[in-house]
Amino acid sequence: MATIVRDPSVPTQTHHEVTRDVVNTLGTAGRGYLLLLAGAVGLFLVGIGTFIMLLKDGLGLAGYNPPVFWSVFITTFVFWVGIGHAGTLISAILFLFRSPWRTAVYRATEAMTVFAVMTAGLFPIIHIGRQWFFYWLMPYPNQRWLWPNFKSPLVWDVFAISTYLTVSTTFLCVGLVPDVAAARDIMSGWRQKVYNIFSLGWKGTDNQWRHYSRAYLYLAALATPLVLSVHSVVSWDFAMSIIPGWHGTIFAPYFVAGAIYSGVGMVFTLLIPLRRVLKLEHMITDYHFDNLAKLTLFTGSILFYAYLMEYFVGWYSGNTFEQTTFWRRAFGPMWWGGWTMIICNAFVSQLLWFRKIRTNLTSLFIISIFINIGMWFERYVIITSSLGNDFLPFAWSQMNPTWADWGILAGSFGWFGMWFLLFARTFPVVAIQEIKEQIPYPRLRKGGH
Amino acid sequence: MARTVPGVLAAFEHIDAACDAIQALRAQGRTDFTVYAAAHNHELEEAVGLPVSPVRLYTLFGGLTGVCAGVGMTYWMSLDWPLLVGGKPIATIPPYVVFMFELMVLLGSLSTVVGIVLLSLAKPTTGLAYDPRFSDDQIGIFVPCAGAEAASLERMFKDAGSVGVRHAA
Amino acid sequence: MSDATQPEGIDRRRFLTVLGVTGAGAAAVSGCSTAKVEKLVPYLVQSDDQIPGIPTWYASTCTECGAGCGLHVKTREARAIKLEGNPAHPVNAGKLCAHGQSALQGLYNPGRVKGPMARRDGGFTAITWDEAIALLSEKLQAAGGKLGVISGAGRGTFSDLLSAWTQAQGGRVVRYQAFDFEPVRAANQQVFGTSEIPAYDFAAARYILSFGTDFLTDFVSPVEHQRGFAESHGFNNGQMAKHVMLAPRLSLTGMNADEWIMLRPGSEAAVALAMANVILTERTGNPADANGLRTALAAWTPEKAQEASGVGAEVIRRLAREFASAQPSLAVAGGIATQHRGAIQACAAVNLLNYVAGNVGRTVKFGADLDAGDGYAALESLLQAMEKGQFAVMIVHEANPAYSLPKAGGFAASFAKVPFKVSTSLYFDETSHLCDLLLPGQHALERWDDLRPRRGVTGLLQPVMEPVFPTLPTGDLLLRTAQKLGGALAALSAPSYEAHLKTQWLKTLGTDEAWRSALQHGGVYGDTPVTSVKLAATAANVAYTAPVFDGDAGIDAFFFAPVPSVMGDGRFANRPWMLELPDPVTKITWHSWVEMHPETARRIDVREGEIVQLTSPNGTLSVPVYITPAIHPEVLAVPLGMGHTAFGDFATGRGVNALDLLDGKDGQGFLPYQSARVTLTRTREFKKVAKTEGTTRQLGRGIADAMTLAQARAGMTPALARKAEGHEVEEINTDREVEAIEGFRASQLEKRNIGPYAAEGLPMWGMVIDLSRCTGCSSCVTACYAENNIPWVGEEAILKGREMTWMRIERYWEGGEDGDPLEARVVPMLCQHCDNAPCEPVCPVYAAYHTPDGLNGQVYNRCVGTRYCGNNCPYKVRYFNWSAYNKKAFPEPLNLGLNPDVTVRARGVMEKCTFCVQRIRGAQNTARLEDRALRDDDVVTACAQACPSNAITFGNMNDPASRVTQAQQSSRGYHILEDLNVRPAVTYLAKVLHRSEG
């Protein structure tokens, strides 16, 4: 052949270069990194301070305004759970689909999943009136044999979120083992000792690989329905109620699409700077971002459709309550929120039809910021605007967030960022072994068999 | 440090060479050799030719246990202290499906991990000679043996295209 | 529905428990004053009327206004915890208004004066009672008759003693009430030759015409009026009276009118005279002497009235005909809302109208001689005497003239001219701050006393508990000073006021048994005599001249209307219950406002909440605007009773005092509240109005449903009625869907028959609320606060919609746009205890669950506060403790009034109406102890008990004979948001509109 078209999914480096480049990211931290970490820890402390105030004086500090009994905390909870979904989608579902472009990015996104779900898991506790009794939501044997109410979507949440956290953590750790072993074999000194422990005696023997590769397949197979179920369950927190604007059958797919959309958005926000900081430009390439962008475009379009359907169903139902709710969502006192969510999600995502934008990292980064804002507002609007004007007009009202709401929101970002940054320096953020799996070994006889 | 197993450790940089060597070993009727690699590789897997891993059974049993646990927990706990809410039946399947599913996934995946650990421990690697480059870019083959046999194996590996053979004693 | 009067059973059982305090009993009442509350005092000697855990009831009399309603005071462990009406009392028949119930917070008010105090070098210093009495006696000695007394006390033994005591020293007493209805009395003098206030029999009236009189809230005897009004105006077997309100502004009473006719302020007389004229000329068989008025009235044609009032001549004719044809009818005038400079002629004209229509003696009953003060004129002359320095000592008792008189009247200045000023007020009010000696009297629930509100009714007051603070009944104060001073006062030799009172009573009663029985019944009640009156010669002089308003008329000038609100004349402004109780008309709490018509607001371009300056010749006020269709475009209304400069932490500096814009001086013998014109200037500053309402329209959702009289008579259901009116009806559930739901429900029902839910013969608690009787007076709301320890949350929390009112009155406006008449709808909203409660299944910890007897239970201890139930409640009747309201709302000694049977909810838990489960369980226990089945009237919720118009019926829906089951059969019955299929246990009976055509 005259020209050899290189498959962009096959890395250009040799096995050795891969090991070296990735393990080099584990070296000592630079100033930029430390600044970022300091910022994250600072935000986290703000959150801690706010939470202490909430414990001391009660939820009254936040901007709740009955009948808006849920607002920023639940909004942020759903936001973070959603972020998590992109990670599992990329690491598990795309693994089953054998899509080669995932390998370079999945480790980072999976880490993002674990930490996002960790963050989300805090919110049910922060949000309840008597935080010190949060464990009453779990079925634990107690003196008076009181059990939780399994008919309550909130208990579904408890199980869904905790399962999700456990499984995605397991998945992440299992994937890490061979890479940690590789790091162990290069490192020296105390680092080697540490990685030696984490590698659990991995040697990469034929027997280990045989069980490992199989098991990884099944884990992916289990994680796939899980990722779809978790956000469905979260959406049922709303769909199972009778509030107009919540009580919609499209909520499960609508929320899952939104979750993945927001998650991929967050992937951009994290990876675009990260790959520069860690000098991984040659591993995480435009090719990967292009594919991620296509995923964003796809889920964004589903979201667009869901929005249209919501309003259409609201109108078509002929139900005055539904109609009023959606009318007020677009033109009522919360109009600004309603339009923010539609513009940031439905419209902005459509820009990704253009290849130029998909492959331009700056534009992708900016778009990803819009996506994050838009998806947070989506939940905020769905929750507060629907609650604010339901059945009895006499009881209608709107809520305005206070410093307490913002403090907790900021704290959640700090908490997430802190963990992610620590992970990025301590463990390989690119899956060494899976990349090597894609690089063919050299052969003595040309042409192979 | 556990006692080291005496034997020959050969390192390969070329996949086909490694496969040839493994074929040769199997032709000699050997099954006690160990192959090291930095990544999962189908050619090697075929060359070694071991049957499919039984780890899936762990997944299956874990999953089934989860479903049963889901049914048992929800029904027993509902009926243990029957409380009426929203005019709904005391114990009812639709909402409880969620718990059956979640517990299936949870126990299923956890038991899979247990599976890896147990099955790997079934064939311990302690004392087998190993080289750090096997987790980097080389493929390694270790054959426990001694004396003359070791010499013949070394020759065999060299012919196959090994980039280095070492005797462990 | 049958007019459910106070259930017999309750009455009987109460009768047995209601006690007369004997000396021993009173002595045994211990451990209840704040001084002692710290250390536990065990009942070493158990008194026979104090059983821990069992409430003891005392009969007493309400002193919050002049009506003199009978009380039953519920005490637990020797503390008053709830006030209810005395079923045997002729005035209120077991009912009580919000003001009366709030007397508890007057008793336990932190703002009370905690003992005698004297002004020493500027400030007040506490002294002993002996010092205090010595000081007072010495000053009285020195005064040598230059003694003046302003007393707000009602007519009774005390007021007799007070005047005897004062006159013996050659002093002057003025019995002063801020709302004293002088115009009514003057008009009666002019027309009938008697200055007494008659009893209005609303129950008998078939047609009620109110000339701006808010007779349901602040006119003479509100509870009695409301009872009667509900009897006649409530739909009852196809019958109901019609109620027409002629007023520039809709008061609570106006909201209950079938027809509101907006007339120009001050023009009532013109309309009334025209109507009388029409009746006289058109009708035969008028009272003989009435015909004598023909010539006098002939001049007052409807056309003339039209130009004066802006009411169409045809309307006036129609009203006249309706009024005359309905027998008997009743026209009322007077009250603060119409107390302008033409008030006397207005009342006189209405007297003529009543007389011409033959209502006098049938619905307007003279002879009752209702209690009233000496009137404004007497006070004015006293003030002039003060001004001239004719007094050496001035005693102010149960009155607060420094607040309730316009500052322009210059009370403070003349008062300052008195060398030694004494206050017996219970509270640090404006007047006591001007005094030199504070001798705090005792609260009505702490002391012995009596009242004679009307002929034939004498109410007794007895101490139901030890005084909260070391105070002295003013009666005893008088007697002890009398003993010290001797001389002419020697006659007043009773050892104590209690003894004095008893001797006075024994004069008429004779025996001790009679005295004891009087105490048990709360007084002695006979028939109120009815004397017939004839037209006086001066009746013919009644005429209409447009009343004068201060300030010049102009395009930017408005009529200024200070209107009585929840605060009354200001005496209730120091009670959190009253401050937090939404004004029945505007639903605003905790601060003042100015009501403005939307057109006016549009014309001068102000939005709700903008603070505007109202300026009259006498002063300026800055108040936030509240825009309401229920007011004449030329009128700006501001509530009375706020803007205190003293009177405790709750009242001080809250809102504005509308009196600041008024001129105190007036020649006619009353304070003309409605006499100022104001100009309005915008400040462009805003204050969020602390109202509990979200949107004022029900958007055709059929929440507060209504039908015309014809439809009600035809037995239409509310849905059919709305169809007939041409409104589209929400029909989400088709017949097939309903069928499916029924089937599903059946399967559910048998699936859930397990554990206690399988039990047989359990009651199923339910409630019926008759919207044709409910007036929206909000008495039930306060009753609920008192019974269930509901914390008040304060203005800041209300602004965030965090009020905790388990029971709220939703008020919606209907019509009022493009020509169709404005109409108010009220609907009491409380937990509906739904059968398919949406709040229950969403609770993760079973804190919300359904009891086997159909209650929607809320387990505070189990609640973790996820608030999902609050979200999922379509009626929004679940309330969350956002902060530690339980700590904030009951500062010492308010906490003494808490109901021990009800948990005080902690921070972070959800709470809501329980159908007074504590009363249900209590009644069930009693029934078990008495080994009998539960009677229908054993359980009465606090709201149903208090409701002056008997709009609420509570009971067991499984008992086909129970009143609630009967009431549910009514064709007017409907459930709010029925389409949600949550199956509420509360059934509403649609309001009935008595339109002209209907």
Side-chain angles (χ1 to χ4, degrees), chain A residues 14-16 19 139 145-153 155-156 159-160 162-163 166-167 170-171 174 178 181-182 184-186 200-215 218-219 221-223 225-226 229 233 432-437 440-445 448-449, chain B residues 13-18 34-41 43-45 48 50 52-53 55-56 58-59 63 73-74 77-78 80-81 83 85-86 88 92 95-96 98-99 101-103 105-106 108-110 112-113 115-117 119-120 122-123 125-126 128 130 132-137 139 161:
Chain A
T14 66
H15 284 89
H16 180 64
T19 327
W145 299 97
L146 295 166
W147 305 116
N149 170 11
F150 294 111
K151 297 185 194 81
S152 166
V155 181
W156 306 353
F159 277 75
S162 49
T163 305
T166 323
V167 171
T170 321
F171 203 43
V174 169
R184 167 201 65 197
D185 292 345
I186 288 186
L200 310 171
W202 179 269
K203 288 236 173 62
T205 68
D206 50 319
N207 184 50
Q208 288 172 331
W209 277 121
R210 166 175 163 238
H211 302 307
Y212 178 92
S213 50
R214 263 342 249 191
Y218 294 121
L219 284 180
L222 283 171
L226 182 63
S229 78
V233 169
I432 302 173
Q433 47 120 342
E434 286 209 32
I435 293 211
K436 285 179 181 169
E437 207 175 323
Y441 277 97
R443 301 177 174 281
L444 291 171
R445 302 183 295 280
H449 57 259
Chain B
E13 276 174 355
H14 303 88
I15 183 77
D16 47 1
T34 309
V35 181
Y36 300 100
H40 178 236
N41 181 296
E43 280 182 60
L44 284 174
E45 204 170 38
V48 176
L50 286 170
V52 180
S53 159
V55 72
R56 51 184 164 180
Y58 287 82
T59 319
M73 177 185 72
T74 49
M77 288 181 181
S78 304
D80 179 45
W81 187 333
L83 285 171
V85 290
K88 295 176 169 42
T92 168
Y96 296 174
V98 176
F99 299 91
F101 171 80
E102 298 293 345
L103 288 179
V105 173
L106 183 64
S109 45
L110 289 181
T112 312
V113 176
I116 311 176
V117 176
L119 291 168
S120 311
K123 204 173 166 198
T125 59
T126 43
L128 305 185
Y130 175 78
R133 291 202 64 176
F134 297 157
S135 68
D136 182 5
D137 57 352
I139 303 165

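Throughout, a chain's letter reflects where its sequence line sits, starting with A, and its residues are numbered from 1.
- Y441(A) and D137(B) share no side-chain donor-acceptor pair at under 3.5 Å.
- In this structure, the portion of T59(B) lying under 4.5 Å from any heavy atom of chain A is its side chain and not its backbone.
- Using a 4.5 Å cut-off between heavy atoms, D80(B) contacts chain A through its side chain alone, with no backbone atom that close.
- Contact tally against chain B (heavy-atom pairs below 4.5 Å) for R214(A), Q433(A), R184(A): the top residue is R214(A).
- There is no side-chain donor-acceptor pair under 3.5 Å between H211(A) and S120(B).
- Heavy-atom distances place no part of V117(B) under 4.5 Å from chain A, backbone and side chain included.
- Contact tally against chain B (heavy-atom pairs below 4.5 Å) for H15(A), E434(A), K203(A): the top residue is K203(A).
- The backbone N or O of W81(B) lies less than 3.5 Å from no partner atom in the side chain of W145(A), so there is not a single donor-acceptor pair.
- Checked by atom type and distance alone, the side chain of D16(B) pairs as donor or acceptor with a backbone atom of L444(A) at under 3.5 Å.
- Within the 4.5 Å cutoff, no side-chain heavy atoms of L44(B) are placed close to those of D206(A).
- For the pair T125(B)/Q208(A), a side-chain contact is recorded, criterion being any heavy-atom separation below 4.5 Å from C-beta on.
- Below 30°, between 30° and 60°, or above 60°: for F159(A) and F99(B) the angle between ring planes is above 60°, a perpendicular geometry.
- Heavy-atom distances place both the backbone and the side chain of V105(B) under 4.5 Å from chain A.
- For chain A, no part of F134(B) is nearby; none of its heavy atoms comes within less than 4.5 Å.
- Contact of F101(B) with chain A is made through the side chain alone, with heavy-atom distances under 4.5 Å.
- Using a 4.0 Å cut-off between charged side-chain N and carboxylate O, E13(B) and R443(A) make no salt bridge.
- Using a 4.5 Å heavy-atom cutoff, the side chains of T170(A) and S109(B) are not in contact.
- For chain A, the nearby parts of L119(B) are the backbone and the side chain; heavy atoms of each come within less than 4.5 Å.
- Judged by distance alone, the side chain of K88(B) and the main-chain N or O of K151(A) form no donor-acceptor pair under 3.5 Å.
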